[in-house]
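Here's the structure, in structure tokens; my notes come after.
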Amino acid sequence: MPLSIATWNINSVRLRLPIVEKFLREHQPDLLCLQETKCPDEFFPVEAFHALGYPFVAISGQKGYHGVATISRRPVEVTEKREFCSKGDCRHIATRFEAGDRSVLLHNFYVPAGGDEPDPEINPKFRHKLDFIEEMRDIAAARDGSDASILVGDLNIAPLEEDVWSHKQLLKVVSHTPVETEGLESMRKGGGWQDLMRIHTPPPQKIYTWWSYRARDWQAADRGRRLDHIWSSENLVESLRGIEVLKEARGWERPSDHVPIIARFALD
DNA sequence: ATGCCGTGATATTCACGA
């Protein structure tokens, strides 16, 4: 079976458990990385994932906000739960697993949203977001042939013009300001990361992974943004077989405002 | 198009999301 990895900002794993189960039953990715689980570790619904054929559940959660989890059918070991910006937030978990003849290090991230005002001098949340992206430079992709790296998650930045419904109208909106998009792209390239979602679907094709709850009709308005990402080291690019953005999930019962993305690789 | 919504908390409104 080829390797498949999914990422999904679930906006409360407990409230959303029915659609997480639906997704896993219907798509059966080998690994699922969740963000915004909003669930302390002691309350994480581990048994529900075991029952669906996912014996490995790596979690880093806290009360109320944030939280990430990596759910897997194949054995994984947790290698790191890194604290960024000395905030004590649960926004990262790294796991390692075997695929083909490689050892793969998988980073699961939830980057801060950044608040409303895109000025780090007056908005500490935006300062935090920019600092977080800079600190992510410490997480680089594997550059040799034997190991491989994957970085997924809700990065809360839509880097390209074709990653938003209107480049011009969003230039001053947090998630698409030049300081964010340039910072993210600089960090990505500096770390040796490849933007896998754009390999088979390059600009000018649009890609969105998030649609606001606030639209009257999210589908009709279609004012989305590509906030969720799947990156890898260069040595995995040739095995990439495709990326699927599961847009239909935005219309499921009590949906998250983000949809799942699945990457498939020609690796056992 | 900075909100018409959605979530969690010790809650009857607030902070936060993006």
Side-chain angles (χ1 to χ4, degrees), chain A residues 7-20 34-45 59-69 84-85 87-91 109-120 122-133 136 153-184 206-229 245 247 249-261:
Chain A
T7 181
W8 195 5
N9 177 320
I10 198 60
N11 187 13
S12 175
V13 68
R14 285 175 287 183
L15 197 64
R16 227 66 80 189
L17 196 56
I19 62 170
V20 176
L34 297 172
Q35 303 86 36
E36 278 205 275
T37 53
K38 298 185 175 178
C39 183
D41 291 353
E42 60 268 33
F43 301 129
F44 198 92
I59 51 182
S60 180
Q62 66 189 92
K63 188 167 147 182
Y65 304 104
H66 321 315
V68 290
F84 284 78
C85 304
K87 292 276 189 183
D89 291 346
C90 296
R91 294 179 176 275
F109 270 101
Y110 174 53
V111 171
D116 289 335
E117 183 58 54
D119 181 348
I122 62 174
N123 176 7
K125 291 181 196 168
F126 197 68
R127 174 82 272 158
H128 178 208
K129 184 178 195 177
L130 298 181
D131 290 345
F132 195 101
I133 295 295
M136 282 176 73
D154 177 6
L155 306 186
N156 268 320
I157 296 174
L160 307 182
E161 294 189 15
E162 297 80 7
D163 293 335
V164 293
W165 63 275
S166 168
H167 170 61
K168 191 175 174 183
Q169 287 178 257
L170 287 169
L171 272 171
K172 293 181 178 172
V173 175
V174 171
S175 73
H176 193 61
T177 64
V179 65
E180 293 169 87
T181 60
E182 288 164 16
L184 186 72
K206 298 270 196 179
I207 307 178
Y208 309 143
T209 66
W210 172 90
W211 291 262
S212 173
Y213 282 127
R214 293 178 184 170
R216 282 194 187 87
D217 183 337
W218 69 274
Q219 204 161 16
D222 199 26
R223 291 180 169 176
R225 306 177 199 171
R226 181 170 74 115
L227 303 180
D228 304 275
H229 298 268
V245 178
K247 184 176 179 180
R250 185 61 181 79
W252 287 354
E253 184 82 18
R254 290 200 85 178
S256 169
D257 45 356
H258 297 251
V259 299
I261 311 164

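Order of the sequence lines sets the chain letters (A, B, ...), proteins ahead of strands, with each chain counted from 1. Bear in mind that the values here come from a model prediction, so they are computed numbers and not experimental data.
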Using heavy atoms to find the nearest nucleotide of DNA chain B for L170(A) and W210(A) separately, return the residue whose nucleotide is more 5′.
L170(A)

Taking any heavy-atom pair under 4.0 Å as a contact, classify [X]: base, sugar-phosphate, or nothing.
| X | answer |
| --- | --- |
| Q169(A) | nothing |
| F126(A) | nothing |
| R16(A) | sugar-phosphate |
| H258(A) | sugar-phosphate |
| D217(A) | nothing |

Quick one: does R214(A) reach the base of dC5(B) with a side-chain donor-acceptor pair under 3.5 Å?
yes

Examine the base of dA18(B) for any acceptor or donor lying under 3.5 Å from a partner atom in the side chain of D116(A), and report the outcome as yes or no.
yes

Which one, dA15(B), dG17(B), dT2(B), comes nearest to the side chain of Y65(A)?
dA15(B)

Please pick, from dA18(B), dG6(B), dG8(B), the nucleotide with the shortest atom-to-atom distance to any side-chain atom of S12(A).
dG8(B)

4.5 Å side-chain heavy-atom contact, [X] and [Y]:
| X | Y | result |
| --- | --- | --- |
| L227(A) | N9(A) | no |
| W8(A) | I19(A) | yes |
| D257(A) | W218(A) | no |
| V13(A) | P45(A) | yes |

Under-4.0 Å side-chain N/O to phosphate OP1/OP2 contact, [X] with [N]:
| X | N | value |
| --- | --- | --- |
| K63(A) | dT7(B) | no |
| R14(A) | dG8(B) | no |
| N11(A) | dG6(B) | no |
| Y110(A) | dC16(B) | no |

If I pick the C1' atom on dA11(B) and the same atom on dG6(B), what distance separates them, to the nearest angstrom?
16 Å

In whole angstrom, give me the gap between the C1' atoms of dT2(B) and dT12(B).
25 Å

Mind running side-chain contact (heavy atoms from CB on, under 4.5 Å) on D119(A) and F126(A) for me, showing each step along the way?
CA-CA 7 Å; D119(A) 181 348; F126(A) 197 68; 5.8 Å; no

